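Data block below; observations after.
Keep in mind the model is a prediction, meaning the values are calculated, not measured.
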Amino acid sequence: MRRYFIQNGKIVINKYCVEYAYSLQGGSVKTDFKVTHYISGETELGGLLNELDTKSIAYKITNLDTEDILRYDGTPAASEEEARRLIEPALEEVKGDKINEISAACKETIFKGIEVTLSDGNTKRFSLKTEDQINLNGLLGQINLGNIKPENGVPYHADGEMCTLFSAADFTLIANTAMSFILRQTTYCNHLMSYVKSLDNVSDVRAVVYGRELTGEFLESYNNIIGGEVNE
């Protein structure tokens, strides 16, 4: 039995490892056996130890990882494979999960948007969900085509506010700030993913969080493309 198993659709983490050796004589042939036995509870442990004591078989008991017991014991899992991937994932699996996590964090950060201080001194927030990005680019395109006259104002809205007319200067500031923010975040995201791919152990991959500072060649590459720090 491994150090964990599935019982009634939930993970059970074994608490003890009992190691022992014994020999069997079959005629003139003696066969040695080494056994590693994982055990989930005290009752089973006591029964095994009593049996080994009765047979005068020496043994070694190791307490298994308490952190694993606290983290995974009783966690729902539909299969041994699902449990393995949760408890003992391969490095490439952990990297894949982390890259998906980083991608989602980048998207969420962008969608939350930006704050822009306008020419009247008021600071307003502008979300940057996909439809907002489309609207900003579309309005810029209409201005460039001459379909919107800058002197008449540009119709747009801040978060939670009615649509109003922004001056051409203010709207350009909003759009440029938004595009710069998106570029910085997506470039940072790409470099953080590359950093994750360069790592060679699970614990280091799991420790990566979106927003951490880039270092080394990844920071140098980011600065060569963007310059400065990530705009939070």
Side chain to side chain, Y222 and N190, heavy atoms closer than 4.5 Å: no
Sidechain-backbone polar pair: S180 side chain, T177 backbone, donor-acceptor under 3.5 Å: no
Salt bridge (Lys or Arg N to Asp or Glu O under 4.0 Å) partners of D132, counting only residues at least two apart: none
Salt bridge (Lys or Arg N to Asp or Glu O under 4.0 Å) pairs, two or more places apart, involving residues 53-66: E51-K55
Side chain to side chain contact (heavy atoms under 4.5 Å, CB included) between R3 and D68, intermediate numbers included: CA-CA 10 Å; R3 64 187 182 90; D68 276 355; 2.5 Å; yes
Whether S103 side chain and I99 backbone form a donor-acceptor pair below 3.5 Å: no
With R85 via side-chain hydrogen bond (donor to acceptor under 3.5 Å, both in side chains) - residues at least two apart: D97
For E131, side-chain hydrogen bond (donor to acceptor under 3.5 Å, both in side chains) partners two or more places apart: none
Chi angles and distances behind the ring pair (Phe, Tyr, Trp, His ring centres under 6.0 Å) call for Y4, Y38: CA-CA 8 Å; Y4 60 89; Y38 294 105; 9.4 Å; no
For R71, salt bridge (Lys or Arg N to Asp or Glu O under 4.0 Å) partners two or more places apart: E67
Donor-acceptor under 3.5 Å (T186 side chain, L183 main chain): yes
Smallest separation among heavy atoms of V12 and S40, with atom names: CG1-CB, 3.9 Å
Partners meeting salt bridge (Lys or Arg N to Asp or Glu O under 4.0 Å) with K98 (sequence neighbours left out): E101
Any Q133 side-chain heavy atom under 4.5 Å of I110 side chain: yes
Close side-chain approach of L128 to L136, heavy-atom, < 4.5 Å: yes
From CA spacing to verdict: side chain to side chain contact (heavy atoms under 4.5 Å, CB included), R212, L192: CA-CA 9 Å; R212 65 171 289 165; L192 189 63; 3.8 Å; yes
Salt bridge E93-R84, side-chain N to carboxylate O under 4.0 Å: yes
Set of side-chain hydrogen bond (donor to acceptor under 3.5 Å, both in side chains) partners for N122, sequence neighbours left out: D120
Heavy-atom side-chain contact between I143 and T172 under 4.5 Å: no
E19: side-chain hydrogen bond (donor to acceptor under 3.5 Å, both in side chains) partners, not counting sequence neighbours: none
Y22: ring-ring contact (aromatic ring centres under 6.0 Å, His included) partners, not counting sequence neighbours: F33
Any donor-acceptor N/O pair, Q25 side chain to G27 backbone, under 3.5 Å: yes
Partner residues of K112 under the salt bridge (Lys or Arg N to Asp or Glu O under 4.0 Å) criterion, sequence neighbours left out: E108
Side chain K15, main chain I69, donor-acceptor under 3.5 Å: no
Partner residues of Y72 under the ring-ring contact (aromatic ring centres under 6.0 Å, His included) criterion, sequence neighbours left out: none
Please report, to 0.1 Å, the donor-acceptor pairs under 3.5 Å made by any side chain of residues 144-157, with sequence neighbours excluded.
from, atom 1, to, atom 2, distance (Å)
N144, ND2, L140, O, 3.2
N147, ND2, Q142, OE1, 2.8
K149, NZ, G146, O, 3.4

